[in-house]
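Just below is one structure, and these are the notes that go with it.
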Number of protein chains: 2
Amino acid sequence: MSLEERKRMILESIIKDYVQTAEPVGSRAIVKKYDLKVSAATVRNEMADLEEMGYLEQPYTSAGRIPSQLGYRYFVDILMEKEHLSAEEIDLLRKIFMESINDWGEVVNRVGYFLAQLTNYTSFIIMPAMEVNQFKHLQIVPMEDNKALVIVVTDAGLIMHRRIDIPDTISPTELKSISQVFNKTLINRNVNEMKKSDLSYLRDKLNNRRILMDKVIETIDYLLNDTHDEKIIVSGMLNILNEPEFKDVDKLKRILSVLEEDEVLKDIIPSEVSKQVDIKIGAENRAKEIQEMSVVLTGFKGFGELGRIGVIGPIRMEYWKAAGVVESLSDMIEELIREKF
Amino acid sequence: MSLEERKRMILESIIKDYVQTAEPVGSRAIVKKYDLKVSAATVRNEMADLEEMGYLEQPYTSAGRIPSQLGYRYFVDILMEKEHLSAEEIDLLRKIFMESINDWGEVVNRVGYFLAQLTNYTSFIIMPAMEVNQFKHLQIVPMEDNKALVIVVTDAGLIMHRRIDIPDTISPTELKSISQVFNKTLINRNVNEMKKSDLSYLRDKLNNRRILMDKVIETIDYLLNDTHDEKIIVSGMLNILNEPEFKDVDKLKRILSVLEEDEVLKDIIPSEVSKQVDIKIGAENRAKEIQEMSVVLTGFKGFGELGRIGVIGPIRMEYWKAAGVVESLSDMIEELIREKF
DNA sequence: GTTAGCACTCTCTTATGTTGAGTGCTAAAC
DNA sequence: GTTTAGCACTCAACATAAGAGAGTGCTAAC
């Protein structure tokens, strides 16, 4: 597993060069560019060794070498040093995020946007499913024509709403009192507790408005269930258009249609995450749809659950930068949640 | 301007054939496919005429003919018959839209989705800017740690909210009473009226809570201003990947980056719309970014203002289908607004 | 006015060189 | 034993040429 100094140096050079140019790297090129103290012939011998060990491969006889997936793996595990955002960059971003952010979705959108911009890959953020979301406030607002709006606010700052039909015999004041009953009984309960007993209890208590109550209960259930789904935010999908490996439209189509479908993408992105940056290179991905891509991701803690944030790009990826930026922004998103919500 | 019957027939055949195959159409092919009663040579003569008149062009000497933009124009204006959705399709769609739609954004998303699916082009819906949006309800909900949530509901069913900081000396009941004052004073006022006088009047009245009032007023202003922007919903962006004219990645990149940027797209889509279906073919578009595309759109009335709905696709477009579906769905969206909101 | 016939044009495909980057191997140098 | 120069060899990439085929435009006959 462990390589001699020179082999490591050569492997690293080839990877950095190839990542930059997308062209197979020749022995002469390396010697020149990183002015090694040895001749091209020596490098050639080393490269032959590295190929035999599985770290490099040749597209065809007498072309230069390109890193194999194993080569990237070795690089990522042993050689690479993450390139984090600088303190100034972080400060700048923090300022941008802090201002005019009053809504959770907005924060996520922006972080995703910058993640894509800074790495030039496609970024994704998967918001944790909120199993134990706490109920904060309910409001029933009468609208025109037998309609009312049910607004539910959770302690995580999520606001959800849904229209319902109401009997035309009911008065606004009555609606208000119903809201109040709900609020008194349900405040600070989590969804599971709520489902168990409180809702049916409420229905009995307000027996005279049974039909309406059923509707409201159903609506709350519906709305809170909604937060059980993970939400995914994707940014910079079109960044992959810049990668030469996707100059073929069919390949592009395959990849883009995966990135476009939120549901597909959610399933495809590795789900066992920790707070470590995790890197899946090409075929290391379980899902076959992205075995020609690499994923760099990490978990972040938000509202008690673990969300996922990362980028998806070509196997020929600037892993050092991607890993650094993902880590920096993951920290930042955690911090934002802690401070603002 | 007016062509003889046979010339029209030939022009139409060429357009239909070319739209389908994306290959130049030869004289022999037409005679066979649409079995005309004349020989290929005759057709050739007619085609030469049509070319001279500007309706057809030849990619190179001795290739078949393709329609010119003028040719499409003639077709669209004179020859074409719109292919609307059938009554059954409309019924089916109406059912789909009706169920589980409780929120305006959801309706628009779905309509956009189907428009893209049914035409195989990229669909867009531009929601009207609501100049005279009416205020229905305000609610200030206390959250943890000196935070509160300001929720504004408009009569169009739009719900907007924003977090604000509040002084820690204020009590929940006090918040409620402030809400009530706002509600009493502002209900059913439109934004412009509101701005003029009421807000500052309110501030005076609640003088003891001046700072908080300023915040709330600012927030309302911010939220209502938000609806002044047109919202654009784009669906099926990737449909253009299927068109052979965009098999070149650079061209693709140019187009996709236009479609991706909401702000750019809003500006590019023709803004003078009526309830007629309008078709802009290639260079007829003002914006140079989409002069290699065609736009089929129409206006729809929603909340008193005119929104825009349509598709954007290659010049070699199935205009008859696009125009028909756009018209059908435009009617449907109007109907949905009328009935549900 | 219509049509058959035919030479002509131009793209597209396939075949054939040519070039050049880069290798692997060998033998000499360190 | 390791390193290096030298050199033949390989193979993609580019250019060029030849052939095929689709489709035209024109002419002359119907």
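Numbered from 1 within each chain, the chains take letters A, B, ... in sequence-line order. Heavy atoms only: backbone and side chains are in, while hydrogens, waters and symmetry mates are out.
Note that the CG atom of B:Leu115 and the OH atom of B:Tyr121 stand 11.5 Å from one another [nearest 0.5 Å]. A:Tyr113 contributes atom OH, which lies 14.0 Å from atom CD1 of A:Ile125 (distance to the nearest 0.5 angstrom). Going from atom OH of B:Tyr74 over to atom CD1 of B:Ile281 covers 13.5 Å, rounded to the nearest 0.5 Å.
Taking every side-chain heavy atom of A:Arg6 into account, D:dT3 is the closest of D:dT4, D:dT24, D:dT3.
Using a 4.5 Å cut-off on side-chain heavy atoms (C-beta onward), A:Arg73 and A:Glu284 make contact. Inter-residue side-chain proximity for A:Val249 and B:Phe246 is flagged as unmet; no heavy-atom pair is nearer than 4.5 Å. Annotation: side chain of A:Ile255 is in contact with side chain of A:Glu292 (closest heavy-atom distance under 4.5 Å).
Shown for residues 10-30 of chain A: no residue has heavy atoms falling under 4.0 angstrom of DNA chain D.
Rounded to an integer number of Å, the gap from CD1 of B:Ile66 to C1' of D:dT24 is 15 Å. The nearest whole Å value for the distance from the NZ atom in B:Lys33 to the P atom in D:dA22 is 16 Å. Rounded to whole Å, the distance from NZ on B:Lys7 to C1' on C:dT2 is 13 Å. Computed from coordinates, the B:Lys37 NZ to C:dT3 P distance equals 12 Å when rounded to whole Å. Regarding B:Leu50, its CG atom lies at a distance of 17 Å from the C1' atom of D:dG23, rounded to whole Å. Distance CD (B:Glu46) to P (C:dT2): 7 Å, rounded to an integer number of Å. Taking atom CD on A:Gln58 and atom P on C:dG24, their separation rounds to 5 Å, with Å as the unit. Residue B:Asp49 contributes atom CG, which lies 10 Å from atom P of D:dG25 at whole-angstrom precision.
The environment of B:Lys251 atom NZ is dense: over 12 non-hydrogen atoms of other residues, nucleotides or ligands sit within 6.0 angstrom. For A:Lys253, the NZ atom sits in a packed shell: over 12 heavy atoms of surrounding residues, nucleotides or ligands are nearer than 6.0 Å.
With ring centers used as reference points, B:Tyr72 lies under 6.0 Å from B:Tyr319.
Side-chain N/O atoms of B:Ser39 include one lying less than 4.0 angstrom from OP1 or OP2 on C:dT3. Taking 4.0 angstrom as the limit, B:Thr61 places none of its side-chain polar atoms (N or O) nearer than this to OP1 or OP2 of D:dT24. Taking only side-chain nitrogens and oxygens, B:Ser62 never comes nearer than 4.0 Å to OP1 or OP2 of C:dC8.
Between B:Tyr60 and A:Met47, the residue whose closest nucleotide on DNA chain C is further toward the 5' end is B:Tyr60.
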Between the protein and nucleotides 26-30 of chain D, are there any N/O to N/O pairs under 3.5 Å, and if so, what are the atom names and distances?
none

